[in-house]
> 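My questions all concern the structure below.
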There are 2 protein chains.
Amino acid sequence: MKDVVSNCPIEEVMRVLSGRWPTLLLYYLKDGTKRFSDLQRDNPTLSHRMLALELRKLEVAGIIRRTAYPGYPLRVDYDLTASGLKLVPLIDALGGWWEDRAGDHVDPAKAKIQKRLVDAA
Amino acid sequence: MKDVVSNCPIEEVMRVLSGRWPTLLLYYLKDGTKRFSDLQRDNPTLSHRMLALELRKLEVAGIIRRTAYPGYPLRVDYDLTASGLKLVPLIDALGGWWEDRAGDHVDPAKAKIQKRLVDAA
DNA sequence: CTGAATCCGTCTCGATACTG
DNA sequence: CAGTATCGAGACGGATTCAG
């Protein structure tokens, strides 16, 4: 009874992309196919367990594709699906927006907010 | 000691937009100025407390602007900043992507995943 | 190498009650 | 009406261990 199966696509997409890792994994996978261990190296602060969980989540969402090769040692490749590829520029746009955002002039309201932050600390 | 002040803009922007509410609040605010109680009505499942916290987070991020009017009963307006306005179409693009995503053809791998989902349910 | 399961600390979130 | 403080439950994330 956690969610109400929202009708809103924005709510649904954020359920998949929310969190620190999904967008980062997307970022690393846009270069092409990667193995599990490659992604581990790309994100040193991401635990083994979390990597597995997040990859699974993205796979279920149809954003990445998982390909397991039989043999030993085990080998699994991950790459973006067609759908995932289309998502990448949208995420990049968010990153671009964040960088531009700093260029906006600082108005009095913002200064006041920064003071509040100091108070809280 | 929770975060490492990432250099990556994608990671930073997701720190602000992650979660169920930030993008939804953006969605409701794109119609124009809203009061605290308006946003409460727009999101019945969002608790009073969380609304205050999320609004504060977005304010600190420079995405929304808070305007308090002295007097009684208290009245506070929220609206998007210039920066926040520019963010709206990017979020909408994500929503659009989610809706289109369903149109992609279903390959064997995906079918297998969907079976897994059924199992989990 | 990949990944699932367990254990356990931490932090987020929601309910409630209180202030201005 | 708007916002804050407190508290308990539950989700989340990391370390470790086991399996294929």
Side-chain angles (χ1 to χ4, degrees), chain A residues 1-4 11 14-22 24-25 28-29 33-60 64-79 109 112-113 116-117 119-121, chain B residues 1-4 6 11 14-22 24-25 28-29 33-60 64-79 109 112-113 116-117 119-120:
Chain A
M1 223 150 314
K2 179 192 305 177
D3 42 13
V4 211
E11 198 166 348
M14 287 313 290
R15 187 154 29 221
V16 175
L17 298 183
S18 269
R20 186 176 178 183
W21 307 117
L24 279 184
L25 291 179
Y28 285 115
L29 282 173
T33 299
K34 296 253 189 168
R35 300 186 49 179
F36 187 92
S37 48
D38 292 331
L39 293 168
Q40 262 190 309
R41 269 187 294 280
D42 288 336
N43 310 279
T45 61
L46 171 57
S47 72
H48 181 139
R49 174 177 175 271
M50 279 293 111
L51 178 55
L53 287 176
E54 298 290 340
L55 284 173
R56 180 72 180 271
K57 183 169 78 170
L58 292 175
E59 187 197 2
V60 169
I64 66 176
R65 180 181 53 173
R66 178 182 180 278
T67 312
Y69 297 94
Y72 224 82
L74 227 47
R75 174 195 174 122
V76 180
D77 282 353
Y78 291 93
D79 61 358
K112 177 178 148 216
I113 294 168
R116 280 205 213 139
L117 279 177
D119 290 342
Chain B
M1 221 154 310
K2 180 190 307 181
D3 43 12
V4 211
S6 78
E11 199 166 349
M14 288 313 290
R15 185 149 37 214
V16 175
L17 297 184
S18 271
R20 186 175 179 185
W21 307 118
L24 278 184
L25 291 179
Y28 286 116
L29 282 173
T33 300
K34 296 252 190 169
R35 300 185 50 177
F36 187 92
S37 47
D38 292 331
L39 293 169
Q40 260 190 311
R41 269 185 295 279
D42 289 337
N43 310 277
T45 62
L46 171 56
S47 71
H48 183 139
R49 174 177 174 269
M50 285 315 292
L51 178 56
L53 287 177
E54 298 290 342
L55 284 172
R56 181 71 180 272
K57 183 169 79 170
L58 292 175
E59 187 196 4
V60 169
I64 65 177
R65 180 181 51 173
R66 177 183 180 279
T67 313
Y69 298 93
Y72 224 81
L74 230 46
R75 174 195 175 123
V76 181
D77 283 352
Y78 291 93
D79 59 0
K112 178 177 147 216
I113 295 169
R116 282 204 211 139
L117 278 178
D119 290 342

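Below, chains carry the letters A, B, ... as their sequence lines are ordered, and counting in each starts from 1.
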> Is any side-chain nitrogen or oxygen of Arg56(B) closer than 4.0 Å to OP1 or OP2 of dT4(D)?
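It does, given that an N or O in the side chain of Arg56(B) lies less than 4.0 Å from OP1 or OP2 of dT4(D).
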> Test side-chain contact (heavy atoms from CB on, under 4.5 Å) on Gln40(B) and Leu51(B); report intermediate values, then the result.
CA-CA 7 Å; Gln40(B) 260 190 311; Leu51(B) 178 56; 3.5 Å; yes
> Does a side-chain N or O from Tyr72(A) land closer than 4.0 Å to OP1 or OP2 of dA19(D), or not?
no
> Under 4.0 Å between a side-chain N or O of Arg66(A) and OP1 or OP2 of dG3(C)?
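Answer yes for this pair, as a side-chain N or O of Arg66(A) is under 4.0 Å from OP1 or OP2.
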> If you pin Phe36(A) and Glu54(B) to their nearest nucleotides in DNA chain C, which one's is more 5'?
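Result: Phe36(A).
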> Determine the contact category for Tyr69(A): base if any of its heavy atoms lies under 4.0 Å from a base atom, sugar-phosphate if only primed atoms, P, OP1 or OP2 are that close, otherwise nothing.
nothing
> Find the distance Arg49(B):CZ to dA15(C):P and express it as a whole number of Å.
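My rounded result for the distance is 11 Å.
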> Nearest to the side chain of Tyr78(A) - dC1(D), dG3(D), dG3(C)?
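Nearest listed nucleotide: dG3(C).
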> What is the distance, rounded to the nearest whole Å, between atom CZ of Arg15(B) and atom C1' of dC12(D)?
17 Å
> Which pair of non-hydrogen atoms, one from Leu74(A) and one from Tyr69(A), has the smallest distance, and what is that distance?
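Result for this residue pair: CD1-O, 4.5 Å.
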> Is the shortest side-chain N/O distance from Ser47(A) to OP1 or OP2 of dA15(D) below 4.0 Å?
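So the side-chain polar atoms of Ser47(A) never come under 4.0 Å of the phosphate oxygens OP1 or OP2 of dA15(D).
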> Tell me, do Glu11(B) and Arg20(A) make a side-chain contact under 4.5 Å, heavy atoms counted?
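Of all side-chain heavy-atom pairs linking Arg20(A) with Glu11(B), at least one is under 4.5 Å.
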> Looking at Gly19(B), is its backbone amide N or carbonyl O close enough to the side chain of Ser18(A) to form a donor-acceptor pair, meaning the two atoms are under 3.5 Å apart?
yes
> Atom NZ of Lys57(A) and atom P of dG3(C): how far apart are they, to the nearest Å?
17 Å
> To the nearest Å, how far apart are Leu39(B) CG and dC1(D) C1'?
13 Å
> In Å, rounded to the nearest 0.5 Å, how long is the span from CE of Met50(B) to NZ of Lys57(B)?
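Nearest 0.5 Å value for the CE-NZ distance: 7.5 Å.
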> Go nucleotide by nucleotide along DNA chain D from the 5' end; which of Gly19(A) and Asp38(B) gets its closest nucleotide reached first?
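Between the two, 5'-proximity favours Asp38(B).
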> Five pairs per end, C1' atoms only: what is the angle between the end axes of the helix from dC1(C)-dG20(D) to dG20(C)-dC1(D), to 10 degrees?
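Rounded value for the end-axis angle: 40°.
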> Please state how far atom CG in Leu74(A) lies from atom P in dG3(C), giving the value in whole angstrom units.
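In whole Å, dG3(C) P lies 7 Å from Leu74(A) CG.
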> Measure the distance from CE on Met50(B) to P on dC11(C) and round it to the nearest whole Å.
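That distance rounds to 16 Å.
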> Are any of the side-chain heavy atoms of Asp42(A) and Leu25(A) separated by less than 4.5 Å?
no
> Heavy-atom distance under 4.5 Å between the side chains of Trp21(B) and Thr45(B), does that happen here?
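Trp21(B) reaches Thr45(B) side chain to side chain.
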> Atom CD of Gln40(A) to atom P of dG14(D): distance rounded to whole Å?
12 Å
> Output the rounded distance in Å from CG (Leu53(B)) to P (dG14(C)).
10 Å
> Go through the N and O atoms of the side chain of His48(B) and the base of dG3(D), and report whether any donor-acceptor pair is under 3.5 Å.
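Check passes, donor-acceptor contact within cut-off.
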